[in-house]
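Contents: one structure, followed by commentary.
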Amino acid sequence: MRILVVEDDPVLADGLKVGLGLMGSTVDVVFTAADARAALSANRFDAVVLDRMLPDGAGLDILSALRRQGDMTPVLLLTALDETPDRIAGLDAGADDYLGKPFDLDELAARLRAIVRRREGRASPVLAVAGIVLDPATSMVTVGGKAVSLSRREFAVLSALMEWPGAIRSRTELEDRLYGWQEEVESNAVEVHIHNLRAKVGRAAIETVRGLGYRLRTEP
Amino acid sequence: MTSLRRRLFLLLISATAAIWICAVGWIYFANRAELEHVLDTRLQEAARMVHSMVASSNLETGHAAAAMAADFTYSRQLSCQVWSLSGRLLARSGGAPEGSLAEEAEGFSDRLINGEAWRVYTVVDPVHGVRVAVGDRIGLRTRLVRDLIVGLVGPALLTVPLLGLLIWVSLGRGLAPLRRIAGEIAARNGDDVSPVAGKDAPDEVRPLVEALNGLFAKVETARRHEKEMTAFAAHELRTPLAGLKTQAQVALAAKEEQVRDGALRQIIASVDRASRLVRQLLALARLEALPEVEHDGRELNLGSLVREVAASLSLRREIAVQVDGSLDGLTVRMDRDSLYLVIRNLHENAVEHVSPPGHVAWSALPHGAGVVIEDDGPGIPEDELAEVTRRFFRGRFRSGAGSGLGLAIADLAARRLGAQLAFSNRADAPGLRVEVRFPMVADAVEQTSSPLVE
């Protein structure tokens, strides 16, 4: 998952970037409301972790503006204000979920997976396509019942392909999923990850659509 | 008495009753005199008439008295006797008593005959040798007056309760706007401090409604500030905790040593920040606990105080601190702890907002009126200048390490000293300028030498 964290506290923001990164997500961090608006208009994120109180404005204003534009990106509000009226105001402004500070990192990750799953319209927390089963909660992947070990990036590419089985994912899209802003992307990085993935989950499982991108074969 | 309605009712009903009683009393006394006069006149006329009948027509005196008894319709009330001057009863009317009504002298008299009081008029005629006396029973007169009073008081006794009912109902209607407003306020829940609708309120009630609405507005403002304060405080207290917890979980989950070390370093940085927050909260609490300062009378040199503060903080960042020589010539008598808090927090604020290699400069105000600190950080947006001393307030140009308490502490400490802080953005370059203006007390500021004034 590619996640945008909007949080002005440097320690917490760093913790979220590293912690969610360890769980297989690509995380970008912005510290102000203005940067958050810019990031959201320029990039597609699978989920946004939004602090309610930012130095240059309220997180709720960003959220309302986002929803007014018809942006459906799942948003989880992080806040020091977790009294019931605050939670109601947050959810009514368009938040998908709400978590009070301080929180548990694992719970935050689970809630992010849940709101992404809901937005994608999936009932099952586990992705399963043509014999490949991927569990986002445990980062476990099995092919034909046998566990395979994937690197963090390989896991991210496979998740992206499995979220919409049969849909074509372009190379840029996959790069966006894999790398945050500060990371250097090598020109053939995606090709290398695809190559390694094919070796682990089966050569025929991932199709190359020439000039467009990659697609997961839905029939075994 | 707490009920306005009951109070007004009693006032109105007592006033009505009092007026009625006065009226009855007045009518009673006025009419009684009039009645006495009328009845006396009647007595006199009757006596003269009987006398003239006796005298002029030479009627038999017995006939005259009988004629009078027959002729006058009020004969039952009036009694007539005709006496000879020698004291023999010549004649008397039907209702006349046996005893003598007549007096020796002519004129009115009151007599008691057989235990009954009489009012008598006597005519003495020496020519015909008769004495004519006509009398009235005073009991009858009194009854006449009593009937008059009963005629007045009776209707009153009947109408006063009716009037009371009318007054009670009218008061209820008249006081309805008050009751409506009271009901409206009583029906509110504790959070509702919206203005009371007082447009249709009577003139007498409107000042009350306006005063209430004024109070509501003040309460609302105070509550909004309180709420903002709570929100800021919650953010500043809980966010570092969230950061600590997250970093600790990262350290636990990290397999690579490098990631774990990074997380632990962040934890240390975060604990440092939290310690500073605790120190600031304690400083605030201490300042609030002792609002009045008794300074020990020692002289403080601003130059050495500022250098002491700068030295204790300069290890943290590579920021150039300039302390102008003018400060060395400035000595004050003030509470050292409070002045230290002012300088330390202003200094800390400046250092935090300057990015290296930046400058923080301290100097004295002209004539030793105070001290001034200037930095070359981003300054404070104009719309936030008035807010910076609010607790937990952190503006748009916040530093990573602050918690919005430093300037609040500086401000509170300055006020304890009687000094004033003036925040402004520098005119010559980007950056903040804060003046600490000392109180204008003769012995508080004394300039031993004045290198500035030359």
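Quick note on labels: first sequence line is chain A, next is B, and so on, each numbered from 1. A quick note: this is a predicted structure, and the numbers were derived from the prediction, not measured.
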Heavy-atom side-chain contact between Lys101(A) and Leu241(B) under 4.5 Å: no

Validation row: Asp9(A), Arg273(B) side chains within 4.5 angstrom (heavy atoms): yes

Salt bridge (Lys or Arg N to Asp or Glu O under 4.0 Å) contacts in which one or both residues fall within residues 131-156 of chain A, not counting sequence neighbours: Arg153(A)-Glu183(A), Glu154(A)-Lys200(A)

Part of [X] within contact of chain B (heavy atom distance under 4.5 Å):
X: Glu83(A); result: neither
X: Asp51(A); result: side chain
X: Leu54(A); result: backbone

dist Leu12(A):CG -> Thr246(B):OG1 (nearest 0.5 Å) comes out at 5.0 Å

Would you compute the distance between atom CZ of Arg265(B) and atom CG of Asp14(A) and round it to the nearest 0.5 angstrom? 10.5 Å

Is it the case that the side chain of Gln247(B) and the backbone of Val11(A) share a donor-acceptor pair, with hydrogens and angles ignored and the cut-off at 3.5 Å? yes

Side chain, backbone, both or neither: which part of Ala251(B) has an atom under 4.5 Å from a heavy atom of chain A? neither

Could you look at Ala253(B) and say if it's the side chain, the backbone, both or neither that has a heavy atom under 4.5 Å from chain A? both

Should we count [atom1] of [X] as having more than 12 external heavy atoms under 6.0 Å?
X: Gln420(B); atom1: CD; value: no
X: His225(B); atom1: NE2; value: yes
X: Met162(A); atom1: CE; value: yes

Criterion side chain to side chain donor-acceptor pair (under 3.5 Å) on Asp104(A) and Gln249(B), from CA distance to verdict: CA-CA 8 Å; Asp104(A) 201 282; Gln249(B) 286 175 327; 3.0 Å; yes

Please find the pair of heavy atoms, one from Ala80(A) and one from Arg238(B), that lie closest to each other, and give the distance. O-NH1, 2.5 Å

Spell out the residues in residues 20-41 of chain A that have some non-hydrogen atom less than 4.5 Å away from a non-hydrogen atom of chain B, in order of number; otherwise answer 'none'. Leu22(A)

